[in-house]
Protein chains: 2
Amino acid sequence: MDYIFLSKTKLFNEITENEIKVILNCLKSYTKKYDKGDLIYKQGEIISSIGIILLGSINIENDDIWGNKNILENISMGNIFGETYACIENEEIMVNVVAAEPCEILFINIDKVLRTCSNACKFHIQLIKNLLSLTSQKNISLTRKIFHTSPKSIRGRILSYLSYQAILKGNTEFEIPFNRQQLADYLSVDRSALSNELSKMEKDGIILYNKNKFKIINLNIFS
Amino acid sequence: MDYIFLSKTKLFNEITENEIKVILNCLKSYTKKYDKGDLIYKQGEIISSIGIILLGSINIENDDIWGNKNILENISMGNIFGETYACIENEEIMVNVVAAEPCEILFINIDKVLRTCSNACKFHIQLIKNLLSLTSQKNISLTRKIFHTSPKSIRGRILSYLSYQAILKGNTEFEIPFNRQQLADYLSVDRSALSNELSKMEKDGIILYNKNKFKIINLNIFS
DNA sequence: AAAAGTATGTTGTTATAACAACAAAGGAGT
DNA sequence: ACTCCTTTGTTGTTATAACAACATACTTTT
């Protein structure tokens, strides 16, 4: 186990490598490998472990009753997933967790962290604090997705998403972590309509793009 | 201060009335009253206090760059708001918090809870645990809104929302906490289009409704 | 290098939502 | 009961997104 890597993750923020070693042992954690497309957590399951991505990345997806796939989030190496459901008892997970590429996951039973946390155990308290911070941040990323999908027009959604990416990267030229289909799913629009709108926006001189590289030319927010 | 009321809230779960009294004093909490429509937290502010609603209810809203108002959530008596931003340092709040009716709010500085939490203080640990649970639950309610707004058709969104409400209330007949405009905002659709679609659904024999009372007759999920 | 597979772009048609403008119903206050 | 005001429903028009089907890259495999 790469404790140095783990000590740099947000989950183990302010926890030393040796302390991590103790925690992982005490909480009976284990690792598992997955291939691209493998289902890690299935909609409807009751889970009590969080996952830390040691290698690769995963997608949080929802398949609605009509079969439309909706990508809520892509989570990469060093980050965690499942904490929302693991922190609430008997709450069915409403999403699918799917390996976006070959990956390796470390699972930690969070029930134990929450139930056995006593004043005596300093690591546990820090772990809970870190979880709180992470959950809050996930909260914000969900709020952000809601922002990007609340404009009624496709152009509005694209502008919302791209302008946020530009701010995030601190540059009007940037790469996005989605391909067209994934971006369409994220914004809840049809892929071909998205492609179509992107090329219209290029014609209108608002953006330049090639694959997942974008450049914002003139963000006319009133158009 | 009504400590009995507070001891029944989720935030003070497993904390006694006397302990609450100590905490509130120690954390320099204070209360404030608002009229309907008053702005409690404004988009862009850096906040470090969470609010507990002692009386009334509040709306979490977003006004986008084109002036569309988007209601993310309605939060009622005994529940908290602002914890997402208060738990992360220097994170601007991206929403407006508005009094949905006359209300009274108890503010608690969360910075102090997180920073001064030591092994010696048992209440603080419990408070953080409770916050973690609440944040996780808020997370789920955001995910739920994403579900309700991800179908591409208005009917799909209405069905998603109403069928969830029916499950929540455990009855095919129920009241919803929104008026038409608020529901339209929540589902990110035009109000008149929503009214129109609702009456079509009634004609199609799927639902019956009057104002905010609904009855699901025949949830044909494949239509 | 050819073949197969995947991702992206393009176009035309159809379905649907937004919008605007108005009508009707329901409350609140005088 | 009348007026004012707010909420909800209705209709027709216009704008836009979904959808389908195909074309054109670009990748990966053999």
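Atoms considered below: every heavy atom in the structure, side chains included; atoms not considered: hydrogens, waters and symmetry mates. Residue numbers start from 1 in every chain, and the chains themselves are labelled A, B, ... in the order their sequence lines are given, proteins ahead of strands.
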Stepwise side chain to side chain contact (heavy atoms under 4.5 Å, CB included) check, A/E91 with A/I46: CA-CA 6 Å; A/E91 183 80 28; A/I46 306 278; over 6 Å; no
Stepwise side chain to side chain contact (heavy atoms under 4.5 Å, CB included) test for B/N139 and A/K138: CA-CA 8 Å; B/N139 223 303; A/K138 187 151 289 188; 4.1 Å; yes
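To the nearest angstrom, P of C/dC19 lies 16 Å from CD of B/E197. A straight line from NZ of A/K152 to P of D/dT14 spans 21 Å, rounded to a whole angstrom. Spacing between atom CG of B/D190 and atom C1' of D/dT7 amounts to 15 Å, rounded to whole angstrom units. Distance, A/I154 CD1 to D/dC19 P: 11 Å, rounded to whole Å. Per the geometry, NZ belonging to B/K213 stands 12 Å off P belonging to D/dT8, to the nearest Å. The distance from atom CD of A/Q181 to atom P of C/dT6 is 14 Å, rounded to the nearest whole Å. Rounding to whole angstrom units, CE of residue B/M201 and C1' of D/dT8 are separated by 17 Å. A straight line from CZ of A/F178 to P of C/dA7 spans 15 Å, rounded to a whole angstrom.
Taking the ring centre of A/Y186 as origin, the terminal cationic atom of A/K145 falls inside the region bounded by 6.0 Å and 45° from the ring axis. No cation-pi contact links A/K213 to A/F174, judged by a cut-off of 6.0 Å to the six-membered ring centre and 45° from its axis.
A salt bridge is absent between B/K169 and B/E175; no separation between the charged side-chain nitrogens and carboxylate oxygens falls under 4.0 Å.
Between B/N59 and B/V97, every side-chain heavy-atom pair lies at or beyond the 4.5 Å cut-off. Two residues are said to be in side-chain contact when any heavy atoms from C-beta on lie closer than 4.5 Å; B/Y164 and B/R144 meet this criterion.
Within the nucleic acid shown, B/S199 comes within 4.0 Å of sugar-phosphate atoms alone, with no base atom in reach, counting heavy atoms only. Looking at heavy-atom distances under 4.0 Å, B/N179 makes contact with sugar-phosphate atoms alone, never a base. Counting non-hydrogen atoms under 4.0 angstrom, B/S192 reaches a base of the nucleic acid.
A sub-4.0 Å separation between OP1 or OP2 of C/dT8 and a side-chain N or O of A/R191 is absent.
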Letter per nucleotide, 5' to 3', of nucleotides 23-30 of chain D [B base touched, S only sugar-phosphate touched, - untouched; heavy atoms, 4.0 Å]: ---SS---
